Amino acid sequence: MLTQNIEPNAFTFSSILKACPLESGKALHSQALKLGYESDTYVQTALVDVYARHSDIVSAFKLFEIMPERSLVSLTTMITGYTMNGYVQEARVLFDRMEERDVVCWNAMIDGYSQHGRPNEALVLFRQMLQSKVKPNEVTVVAALSACAQVGVLESGRWIHAYVKSNRIQLNKHVGTALIDMYSKSGSLEDARMVFDQMRDKDVITWNSMVVGYAMHGFSLEALQLFNEMCELGLQPTDITFIGILSACANAGLVAEGWDYFHLMDKYRIEPKIDSDPILWGTLLTAYRIHGNVRLAEKIMDFLAEQDFATSGTYVLLSNIYAAGGDWDGVAKVRALMKSSGVDKEPGYSSIEVNNKVHEFLTGDMKHHKSKEIYRMLEEMNKWLEAHGYMPLSDVVLHNLGEVEKQKSLVVHSERLAIACGLISTQPGTTIKIVKNLRVCPDCHAVTKLVSKITGRKIIVRDRNRFHHFVEGSCSCGDFW
DNA sequence: CTAGGGTTAG
């Protein structure tokens, strides 16, 4: 166009600016200035978008600031730009100042929260949207379902599913996959599978989320079965599919099959790749915990601290390695190190959803309005455990306490409080679902197995990485986690 | 003509 000496107009600029690399964006920016399109609102908005998409939030904001008129679209573009780069609060300030809001702008804000680890705020905003006169659409429910999946709130997720049905929101690929993901992360594989089976228009991402769902729950054979089905249908598995089935093989101890699938990756031209070093080091530390190799664990830890890879999780892991060997000086050393490096142990909590309300528990929490009954139930549970000859696994407790105190502190682990709450507030025989922010501790794992046996209840626990289905005294993870 | 969706092990 330029070589033919035809002058691009504002529309040309804004359309080319969509999906263009940063350097071309900059070039187009100066072109637009030369041709006098700098005050065109479409061009300006597209430029804000280009800069924000390439993490140049400063340039984006500079442009946004000098725009003579702020339209709904330009404000939404800036909100999206902010949230894309993690400036969720700044986005919210703009959002709150808007005089009118349409569905896209609500979606941008809700999704911004959801994609940046603030699912509860996403859900609060979603409820506010329902009160407003703007109707949610497919995009809204996908963002809201993703938030439900993160928090693990099955009842709220179900409500949104019902809302989809009764408000003529199309159950397209995106909505369907979000539903599958929400159901499996909220502990209901049955519902996830039901949505999966009902969907007519499935793509590889839909299949992946079902495969990953099965793998996450420890249903390895189902995951492999589904993988075979998708291959027979001629679908090309992706790296995520392989993550799902390889972890399924690992959890089920299917070593030979694991290698077969690993070699199959070649056929689909998928390169083995590792994209998160710190987590891999954490895995190595876990292995050293299992094998009690303190010296190597220390070496790794020094390295991690040096590289700024150390997280509260890796410190706690090292501390547990010391604690398991009775090295309380080591434990104290790690504590001091955590303090000096400004890393806090992430407080563990467990939550349970009862009647659409989420009840959250910290260790030793007394804030619940039914605390008295919950603690009475805990005592009851202890009696059951004692009668079954249960020995507490007190090694796992982080602190240097006497044996009696250690056991006391195990008894009030947040997971046990949540289970006690579930036992007193749901019908006998119903499944109890718990969500935890950390990994399950070995003691709580053993206790939950026994409680499932004694009460005849199925207890489903979602921890930081995966699901545990406790049924009749055993767990779907096969005690491997 | 401008803005917005889904899956991710250890």
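Note on naming: letters A, B, ... go to the chains in the order of the sequence lines (proteins, then strands), and numbering restarts at 1 for each one. Given the structure is predicted, the values throughout are model-derived calculations rather than measurements.
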When we call it a touch if two heavy atoms are under 4.0 Å apart, what does [X] touch: a base, just sugar-phosphate, or nothing?
X	answer
A/Val73	base
A/Arg101	nothing
A/Asp49	nothing
A/Ser247	sugar-phosphate
A/Leu246	nothing
A/Lys202	nothing
A/Thr45	nothing
A/Gln170	nothing
A/Asp102	base
A/Ser74	nothing

Notebook entry, point to check: Measuring from A/Thr241:OG1 to A/Ile205:CD1, what's the distance to the nearest 0.5 Å?
Noted result: 10.0 Å
Next item on the list: Give, for atom CZ of A/Phe467 and atom OG of A/Ser184, the distance between the pair rounded to the nearest 0.5 Å.
Entry: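 Going from the CZ atom of A/Phe467 to the OG atom of A/Ser184 covers 6.5 Å.
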Check: Which heavy-atom pair separates A/Thr448 from A/Glu415 by the least distance, and what is that distance?
Finding: OG1-OE2, 3.1 Å
Checklist line | Heavy-atom closest contact (A/Lys135 atom, A/Val103 atom, distance) | finding: O-CG2, 3.6 Å
Notebook entry, point to check: Between A/Tyr82 and A/Arg92, is any side-chain donor less than 3.5 angstrom from a side-chain acceptor?
Noted result: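 No, no side-chain donor-acceptor pair sits under 3.5 Å.
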Next item on the list: May I ask you to establish whether A/Arg158 and A/Tyr183 are in a cation-pi arrangement, using a distance under 6.0 Å from NZ or CZ to the six-membered ring centre and at most 45° from the ring axis?
Entry: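 No, a cation-pi geometry is absent between A/Arg158 and A/Tyr183.
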Notebook entry, point to check: Between A/Tyr163 and A/Trp159, how do the two ring planes meet: parallel, tilted or perpendicular, split at 30° and 60°?
Noted result: parallel
Next item on the list: Check the chi torsion on B/dG6 and let me know: syn if it falls within 90° of 0, anti if not.
Entry: anti
Check: Along DNA chain B, 5' to 3', what are the outermost nucleotides having an atom less than 4.0 Å from a heavy atom of chain A?
Finding: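 Reading along DNA chain B, I get B/dC1 to B/dG10.
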